[in-house]
Amino acid sequence: MAVVRVLLKPLPLDGPSGLLLGNVCTVALTGWWLVPWVSRLCRPWLEGTASRHHQRLTLASILVALGLMLQLLRALPATST
């Protein structure tokens, strides 16, 4: 959401309109792109059929992704609400 708010900042939107458009973009990105992509990548882990090695690799990739998101959000400029 924070990334979308930064991208939408140049648009002349008031608070509620910007929030609505940001939410629409975020839900569309996660529902149509991010969740299906991640679920395909992690299907064996989610279904419980992955080998021990694949389970560790998936867990490590999730932790790395969380760390990268944390760094990205820290690097974004602060937005006023």
Side-chain angles (χ1 to χ4, degrees):
M1 182 68 183
V3 175
V4 174
R5 286 188 63 117
V6 170
L7 293 174
L8 295 177
K9 191 170 183 140
L11 298 177
L13 299 171
D14 60 349
S17 299
L19 185 62
L20 177 64
L21 185 58
N23 283 340
V24 167
C25 293
T26 302
V27 168
L29 285 173
T30 57
W32 292 333
W33 181 74
L34 186 63
V35 171
W37 179 69
V38 170
S39 65
R40 275 193 305 272
L41 286 176
C42 300
R43 177 170 286 143
W45 182 73
L46 291 168
E47 293 175 349
T49 59
S51 65
R52 182 71 85 184
H53 174 72
H54 193 265
Q55 289 176 355
R56 289 185 180 135
L57 185 61
T58 303
L59 180 59
S61 66
I62 290 170
L63 293 175
V64 167
L66 288 173
L68 290 173
M69 286 191 305
L70 178 62
Q71 293 304 317
L72 172 70
L73 293 176
R74 284 183 177 167
L76 290 174
T79 59
S80 60
T81 56

Any side-chain heavy-atom pair from Q71 and L68 closer than 4.5 angstrom?
no
Please enumerate all residues that pass side chain to side chain contact (heavy atoms under 4.5 Å, CB included) together with R56, with sequence neighbours excluded.
R52
Apply side chain to side chain contact (heavy atoms under 4.5 Å, CB included) to L59 and list each qualifying residue two or more places apart in sequence or on a separate chain.
L63
Please, which pairs that meet ring pair (Phe, Tyr, Trp, His ring centres under 6.0 Å) have at least one residue in residues 39-71, sequence neighbours excluded?
none
So if you build clusters from Ile, Leu, Val, Met, Phe, Trp, Tyr with side-chain heavy-atom gaps below 4.5 Å, do [X] and [Y] land together?
X: L57; Y: V64; result: no
X: W33; Y: L41; result: yes
X: I62; Y: M69; result: yes

State, to 0.1 Å, how close C42 and T58 come at their nearest heavy-atom pair, and which atoms those are.
SG-CG2, 3.7 Å
